[in-house]
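Naming convention: chains lettered A, B, ... in sequence-line order (proteins, then strands); numbering from 1 in each chain. Hydrogens, waters and symmetry mates play no part in the numbers below; they use all other heavy atoms, side chains included. A quick note: this is a predicted structure, and the numbers were derived from the prediction, not measured.
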Amino acid sequence: MRHMDVVNVVGSGSLDVEIELSQLVDDLDSSIADYDPDKYPGVYLRFSDDTPLITIYRTGKYIVTGAESREQAHRYRDRFLNLLTEMGVTSDTSNTSFTIQNYVFVADLEKSQNLEALAIGLGLEQTEYEPEQFPGLVYRPTDASCVLLIFASGKTIIAGATSEETAQRAFADMQETLEQYQLN
DNA sequence: TGTAACCGCACTTATATACAACGCGTGT
DNA sequence: ACACGCGTTGTATATAAGTGCGGTTACA
């Protein structure tokens, strides 16, 4: 199979405890935390440049975005929980939830594509291609819960999968369809 | 001053999250 | 007629891909 790279992983979880956000921000190092309730209701926490962003809400729910892998998302989630426990904001977080909600992949068909022909081959009902609106073709497979954006260069984005396997299978299935119609 | 080159940005997709503001419906 | 609740929309976050647009810069 042609290679696929994960470029973004999004996960969400809950601390199961309400958080006083202004207090939390006061206790955090201002270099890692940002909070502007007039602009957005969540607190942004980033440990350092090029690491995932964690957004924390009043309800205790939080999101991890911008991770490069499932492992990295979990690693920074753990680091976040440890920090809150050290600060005394939370006590026992061992049974709190955390789920990967979205994977974004970049793949390459390694061959330029005729998107008009591709729309027909993949099925007009499953595709959207409006080059004046956006240069990529949007493909929504009926049997996979993810979306593929295919570009004339052959570069492809797979978004919305909740597992790496789902995305990989969707990309492989699409390539198979292209072969069937000899579009590749 | 004109033109060319370049930069930054919005376009679209998914997803969790929350809050404001809006429309619309129903009940009082 | 008014109040209340619910649904929806826009706001913000990350991330890649292409195209086109506007603005800025540089040079002749």
With heavy atoms under 4.0 Å as the rule, sort [X] into base, sugar-phosphate or nothing.
X: A:Leu149; value: base
X: A:Thr156; value: nothing
X: A:Tyr103; value: nothing
X: A:Glu132; value: nothing
X: A:Thr65; value: base
X: A:Val106; value: sugar-phosphate
X: A:Val104; value: base

Got A:Leu109 and A:Ile150 here, is their nearest side-chain heavy-atom distance under 4.5 Å? yes
Classified by glycosidic angle (syn within 90° of 0, else anti), C:dG18 comes out syn
Could you go through A:Thr90 and A:Thr85, starting from their C-alpha distance and side-chain angles, then the distance that decides it, and tell me whether this counts as side-chain hydrogen bond (donor to acceptor under 3.5 Å, both in side chains)? CA-CA 5 Å; A:Thr90 55; A:Thr85 300; 3.2 Å; yes
Separation of A:Asp143 CG from A:Asp173 CG (nearest 0.5 Å): 6.0 Å
Nearest 0.5 Å, please: how far is CZ in A:Arg77 from CD in A:Gln72? 15.0 Å
State whether the aromatic ring of A:Phe151 stacks on the base of C:dA17, taking stacking to mean ring centres under 5.5 Å apart and ring planes under 30° to each other. no
In whole angstrom, what separates [X]'s [atom1] from [N]'s [atom2]?
X: A:Arg77; N: C:dT13; atom1: CZ; atom2: P; answer: 24 Å
X: A:Phe105; N: C:dA17; atom1: CZ; atom2: C1'; answer: 16 Å
X: A:Asp34; N: C:dA14; atom1: CG; atom2: C1'; answer: 15 Å
X: A:Ile56; N: C:dT13; atom1: CD1; atom2: C1'; answer: 12 Å
X: A:Asp50; N: C:dT13; atom1: CG; atom2: C1'; answer: 16 Å
X: A:Phe171; N: C:dA17; atom1: CZ; atom2: P; answer: 14 Å
X: A:Glu128; N: C:dA17; atom1: CD; atom2: P; answer: 21 Å
X: A:Gln72; N: C:dA14; atom1: CD; atom2: C1'; answer: 12 Å

Going 5' to 3' along DNA chain B, which nucleotides are the first and last within contact of chain A (any atom under 4.0 Å from a heavy atom)? B:dC11 to B:dC19
Can the ring centroids of A:Tyr57 and A:Tyr62 be said to lie less than 6.0 angstrom from one another? no
Work out how far the [atom1] atom of [N] is from that of [M], and round it to whole angstrom.
N: C:dA16; M: B:dC6; atom1: C1'; value: 22 Å
N: B:dT15; M: C:dG18; atom1: P; value: 23 Å
N: B:dA5; M: C:dA17; atom1: P; value: 24 Å

Take the C1' atoms of the five end pairs on each side of the helix from B:dT12-C:dA17 to B:dT28-C:dA1, get both axes, and report the angle to 10 degrees. 40°
Give a yes or no on whether A:Asp29 atom CG has more than 12 heavy-atom contacts from other residues, nucleotides or ligands under 6.0 Å away. yes
Assess whether atom CD of A:Glu125 is packed by more than 12 heavy atoms of other residues, nucleotides or ligands within 6.0 Å. no
Can you name the closest pair of heavy atoms from A:Met174 and A:Leu122 and give their distance? CG-CD2, 3.9 Å
Taking all non-hydrogen atoms of both residues into account, name the closest pair between A:Ile158 and A:Cys146 and its distance. CG2-SG, 4.0 Å
Do NZ/NE/NH1/NH2 and the carboxylate oxygens of A:Arg58 and A:Glu18 come within less than 4.0 Å? yes
Proximal nucleotide (of C:dA16, C:dG18, C:dT13) relative to the A:Phe134 side chain: C:dG18
If you check every side-chain atom of A:Lys39, which of C:dG18, C:dA14, C:dA12 has the closest atom? C:dA12
Please report the C-alpha distance between A:Arg75 and A:Glu71 in whole Å, then the side-chain angles of each, then the deciding distance to 0.1 Å, and finally whether the salt bridge (Lys or Arg N to Asp or Glu O under 4.0 Å) criterion is met. CA-CA 6 Å; A:Arg75 204 154 58 236; A:Glu71 289 72 22; over 6 Å; no
Pick the closest DNA chain B nucleotide for A:Gly13 and for A:Gln133 by heavy atoms, then say which residue is nearer the 5' end. A:Gln133
